[in-house]
Each structure stands twice: as C-alpha cells, then as structure tokens.
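Since the model is a prediction, treat every value here as computed from it, not as a measurement. Below, chain A is the first sequence line, B the second, and so on; all start at residue 1.
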2 protein chains.
Amino acid sequence: MNTKVLGVLGGMGPLASAHFMLRLTLLTPGERDADHIPAVLWSDPTIPGRPEFLEGRGPDPLPALLRGIQGLRQAGCGAIVIPCNTAHYWYQPMLDAAGVPIFHIVDAAAEDLRAAGIKPGPIGLMSTAATQRLHIYQDRLSSLGWDCLVPDADEMAGKIAPAIAAVKANQVGRAYEPLRQVVNGLAARGAQAVVLGCTEIPLGILAGPADGLQAPVIDTVDSLARAAIRWAKGPPAA
Amino acid sequence: MNTKVLGVLGGMGPLASAHFMLRLTLLTPGERDADHIPAVLWSDPTIPGRPEFLEGRGPDPLPALLRGIQGLRQAGCGAIVIPCNTAHYWYQPMLDAAGVPIFHIVDAAAEDLRAAGIKPGPIGLMSTAATQRLHIYQDRLSSLGWDCLVPDADEMAGKIAPAIAAVKANQVGRAYEPLRQVVNGLAARGAQAVVLGCTEIPLGILAGPADGLQAPVIDTVDSLARAAIRWAKGPPAA
C-alpha cells in the first residue's frame with residue numbers, strides 16, 4: 001500500500017471496530033475509492049477482557065495488545081488508533097512498542113469538544129466502570145479545563161453496564177433507553193455536553209432518536225476517526 | 001491471534017468492506033467479544049479500479065491484490081474472503097498465491113439461494129457491467145441450474161452505474177430508487193429472486209423500504225459473511 005496506512009487495533013469489541021471502519025469511511029471526504037484511507041484493521045476479539053483483568057478476574061491483555069501492535073507495524077502502518085477506551089490504560093507500553101504515533105482517544109475527544117464550542121466547565125462522561133475508575137478521561141480533560149461529571153454507582157450498574165452488554169450481544173435497540181436516561185441525568189446536573197467514552201455506547205445512542213437527548217453528545221468513535229483523517233490528509237509522511 | 005483468523009481483502013470500495021465487517025459481526029452468534037471471529041481487514045482503496053482496467057482505461061490491479069493477499073498471509077490468516085465481486089475475475093491467481101482457501105463469493109451466493117429454497121430456473125443478477133460481462137456469476141450459477149437474467153444496457157448505464165457511484169460517494173439514499181426499479185423489472189421478467197452481485201448494491205437497497213421490492217434479494221455481502229462464519233465455527237484447522 002502507499003505510504004500513509006492507518007493501523008486499527010480492534011476487536012474490543014468487534015462491532016465497535018467495524019463501526020469505526022464505517023465511520024472512518026463515511027467521514028472521509030471523497031468521491032472515489034482512491035480518495036479513501038488505506039487501513040489495516042487487526043480485529044482480535046480474543047484479547048482478554050480489559051475490565052475483567054483490571055478487576056482481578058482474568059488474564060492480562062497487554063501481550064495480545066502488543067501482538068496486535070506488532071502485526072500492524074509489520075503490515076506497514078504509519079500510525080495507529082485503538083477504538084476501545086479502556087485499552088488506553090495500556091497506552092504508554094503500546095506507544096513504546098509501536099515506533100509510530102498512536103492517536104489517544106481522549107485527545108481526539110478534546111479536539112471535538114473544542115470544535116463544538118464547549119467552554120471549560122462541567123461536562124458529562126459515560127464509560128465503562130473501568131475507564132471511569134482509571135481516570136482515563138478525567139485527568140487528561142481536567143488539565144484542559146473540563147470537569148467530568150460521572151453517573152452514580154446505581155446508574156453504572158443498572159443502566160450503563162447492561163447497555164454495553166446489550167451492544168456486545170448485537171442488541172443495540174435495547175441499549176438506547178437506559179443510555180438516554182443517563183445522558184439526561186448528567187444534563188440535569190449541569191453537563192454542557194456528554195462525552196461517550198466507550199466505543200459501544202454511541203452504537204446504543206444511535207439506535208434511538210437524537211431529540212430524546214437533553215445535551216449534545218461527543219461520539220468518541222467519530223472523534224478518533226476525525227483524528228485519523230487529519231493525519232492521513234495532512235502533510236506526507238517524512 | 002488464535003488459529004482461525006479470517007483475512008478480508010478489502011477497500012474495493014472501503015464502505016463495502018466496513019459494511020462486510022459489520023455484517024460478519026452481526027451475523028455471528030455470540031454474547032461476548034470472545035465468541036466473535038478474529039479477522040484482519042486489509043483495506044486498500046488505492047487498488048486500481050477493476051472495471052477501469054477491464055475496459056482498458058487503467059493499470060492492472062493484480063499486483064496490488066497479490067500484495068494484499070501476502071499481507072493477510074503474513075498476519076497469519078487461515079482463510080480469505082474478498083468483498084468485491086469484480087475482483088473475483090482474478091480469483092485463480094489470488095488463490096494460487098494465497099496458500100489458504102479463498103471463499104468464492106458466487107459459491108457463497110449459491111449456498112444462500114439453496115437455503116432460501118430458490119429452485120433451478122430464472123433468477124436476476126444485478127452487478128457492475130464488468131462483473132456481468134465477465135460472466136463471474138452466470139457460468140458458475142448456470143452449472144448449478146440457475147439461469148441469470150440481467151438488466152438491459154439502458155438499465156445498466158442509467159440506473160445501476162449511477163447507483164453504485166452514489167454509494168461510493170457516501171450517498172446511499174440516492175441509490176435506492178433506481179435499484180428498486182431494476183429489481184422489480186427483473187421480477188416482472190420472471191426472476192424468482194435477485195442476486196445483488198456487487199458489494200455496493202446491497203448498501204443502496206438497504207437505504208430504502210424492503211416492501212418496495214417485488215422479489216426476494218440475495219445480499220452477497222451477507223452470503224460471504226455466512227461462508228466465513230461456517231468456516232470459523234466449523235472443525236478446527238488442521
């Protein structure tokens with residue numbers, strides 16, 4: 001393939017990575033195949049569960065993540081994205097092994113918050129419990145002036161977790177209503193916008209009407225796709 | 001990754017390959033990430049246009065196709081699918097180079113015709129002009145008892161070609177109406193079912209109501225995904 005080949009480390013889950021490839025294509029301006037971005041998707045749904053490991057209930061996913069990074073490098077990829085928020089817990093060891101840029105999903109989301117005109121202040125964050133507890137978003141966004149409001153423990157266990165499980169089981173329709181309630185709860189608490197910081201959550205939100213939501217949402221899948229497109233359409237690789 | 005990794009040679013076009021990954025995931029029975037099929041998508045939208053080469057207007061795509069096959073083999077793939085019908089013109093040289101099975105999209109479509117209970121006799125075929133002219137479907141299906149009715153030259157130039165171009169330009173909504181008219185024209189001529197033998201055409205058909213169609217359609221993207229799933233969920237690799 002030509003110089004700028006995008007690597008996509010996916011399979012976490014597989015529907016989220018397929019959806020990322022679709023959004024990458026739909027967000028790329030183009031009329032013909034050749035206007036689109038050469039990409040290799042390494043979709044490995046056998047990568048051990050990230051939340052499970054972090055909760056002490058399963059094997060370490062890092063070796064499988066690094067195998068994916070190595071596979072993408074061997075395929076000639078010049079930059080890598082990872083459409084899984086929780087996997088960003090291993091961002092630094094993956095970056096160290098990659099030898100090419102890995103675009104961080106939180107930086108991509110921050111770029112979209114800026115583009116949407118969201119001022120410093122309170123925003124909402126919807127993610128897995130692991131992403132929330134590891135502060136994958138909070139610390140990085142806080143340093144930029146945005147304070148993350150998060151769902152309470154009951155909302156996490158009773159709405160977010162079942163919605164994510166429904167998406168992973170190909171039941172996107174069942175995920176919308178609980179996710180809608182959480183978005184609107186965060187808006188009522190003052191969130192100017194809600195960051196959908198889990199690659200499954202946007203799939204559930206998209207399965208129902210947008211006008212049911214009382215705050216704008218930042219779809220981090222799209223944010224990551226836009227970061228990749230800026231790279232691919234930017235200056236040629238050195 | 002584990003033993004059975006599916007290779008997907010894509011980018012022809014990129015929306016069709018992303019859609020294939022989505023359908024592969026949605027058609028796979030599963031509750032958890034680990035139930036899904038490890039896969040590597042080699043999406044190279046810079047592969048020279050297949051119809052253009054066959055019409056003497058562009059470079060030979062075979063070297064780029066073989067580079068993709070090689071990349072998928074290096075990534076450890078144990079079988080390969082190609083969600084682009086016209087690319088099957090190069091099936092034999094790709095198979096010779098692959099060293100692993102490549103599931104032919106026409107065989108996959110035949111399996112779905114059988115499963116849908118379509119008896120030997122007339123069926124419709126909607127494809128690119130190149131796929132039609134090269135008899136990629138007709139000869140293989142004819143040997144199994146199905147006779148392909150194809151759209152006439154005016155329908156090919158005035159309806160099929162613009163609909164495919166609309167999908168490649170991310171305008172799926174504009175593709176539905178002309179495609180619907182062609183499906184119904186083939187049904188009126190006696191087609192018991194219509195094979196959508198171009199990976200872009202199902203995307204246009206899906207953008208409008210199914211009850212506007214007067215014959216059942218065989219979505220060859222789904223046929224190919226089902227062939228891959230049968231392999232992945234079948235006996236372990238030797």
Side-chain angles (χ1 to χ4, degrees), chain A residues 1-6 8 10-50 52 58 64 67-68 70-72 74-77 84 165-166 168-172 200 203, chain B residues 1-6 8 10-50 52 58 64 67-68 70-72 74-77 84 165-166 168-172 200 203:
Chain A
M1 286 199 243
N2 292 338
T3 34
K4 279 191 167 182
V5 179
L6 178 70
V8 182
M12 306 173 278
L15 194 60
S17 17
H19 176 68
F20 174 82
M21 296 306 296
L22 209 56
R23 296 302 299 163
L24 177 73
T25 307
L26 289 171
L27 292 170
T28 300
E31 295 294 317
R32 300 161 309 135
D33 287 357
D35 297 327
H36 286 273
I37 301 170
V40 176
L41 165 63
W42 183 279
S43 178
D44 184 1
T46 71
I47 295 174
R50 285 66 58 199
E52 291 77 0
R67 198 157 60 239
Q70 186 189 23
L72 292 170
Q74 282 173 350
C77 298
C84 169
K168 284 188 188 282
N170 292 345
Q171 305 285 332
V172 291
E200 269 73 25
L203 295 170
Chain B
M1 288 199 239
N2 292 338
T3 33
K4 280 191 167 182
V5 179
L6 179 69
V8 182
M12 305 173 278
L15 194 60
S17 17
H19 176 68
F20 174 82
M21 297 306 297
L22 209 57
R23 295 302 299 163
L24 178 72
T25 307
L26 290 171
L27 292 170
T28 301
E31 294 293 318
R32 300 162 309 134
D33 287 357
D35 297 327
H36 286 273
I37 301 171
V40 176
L41 165 64
W42 182 279
S43 177
D44 184 0
T46 71
I47 295 174
R50 284 66 58 200
E52 290 78 359
R67 197 157 61 238
Q70 187 189 23
L72 292 170
Q74 283 173 348
C77 298
C84 170
K168 284 189 189 280
N170 292 344
Q171 307 284 333
V172 290
E200 269 73 27
L203 295 170

By a 4.5 Å heavy-atom criterion (distance strictly below it), what part of I37(B) contacts chain A: side chain, backbone, both, or neither?
backbone

Under 4.5 Å heavy-atom distance to chain A, tell me which part of T28(B) shows up: side chain, backbone, both or neither.
backbone

Residues pairing under salt bridge (charged side-chain N to carboxylate O under 4.0 Å, His left out) where one sits in residues 33-43 of chain B, two or more places apart or in two chains, turn out to be R50(A)-D33(B), K168(A)-D33(B), R32(B)-D35(B)

Among V8(B), L72(B), L41(B), which residue forms the greatest number of heavy-atom pairs with chain A at distances under 4.5 Å?
L41(B)

Within-4.5 Å side-chain heavy-atom neighbours: [X] and [Y]:
{"X": "P45(A)", "Y": "P38(B)", "value": "yes"}
{"X": "V40(B)", "Y": "V40(A)", "value": "yes"}
{"X": "L15(A)", "Y": "L26(B)", "value": "yes"}

Tell me which of these, M21(A), Q171(A), Q74(A), has more heavy-atom pairs under 4.5 Å with chain B than the rest.
M21(A)

State the OG1-NE2 distance between T25(A) and H19(B), to the nearest 0.5 angstrom.
12.5 Å

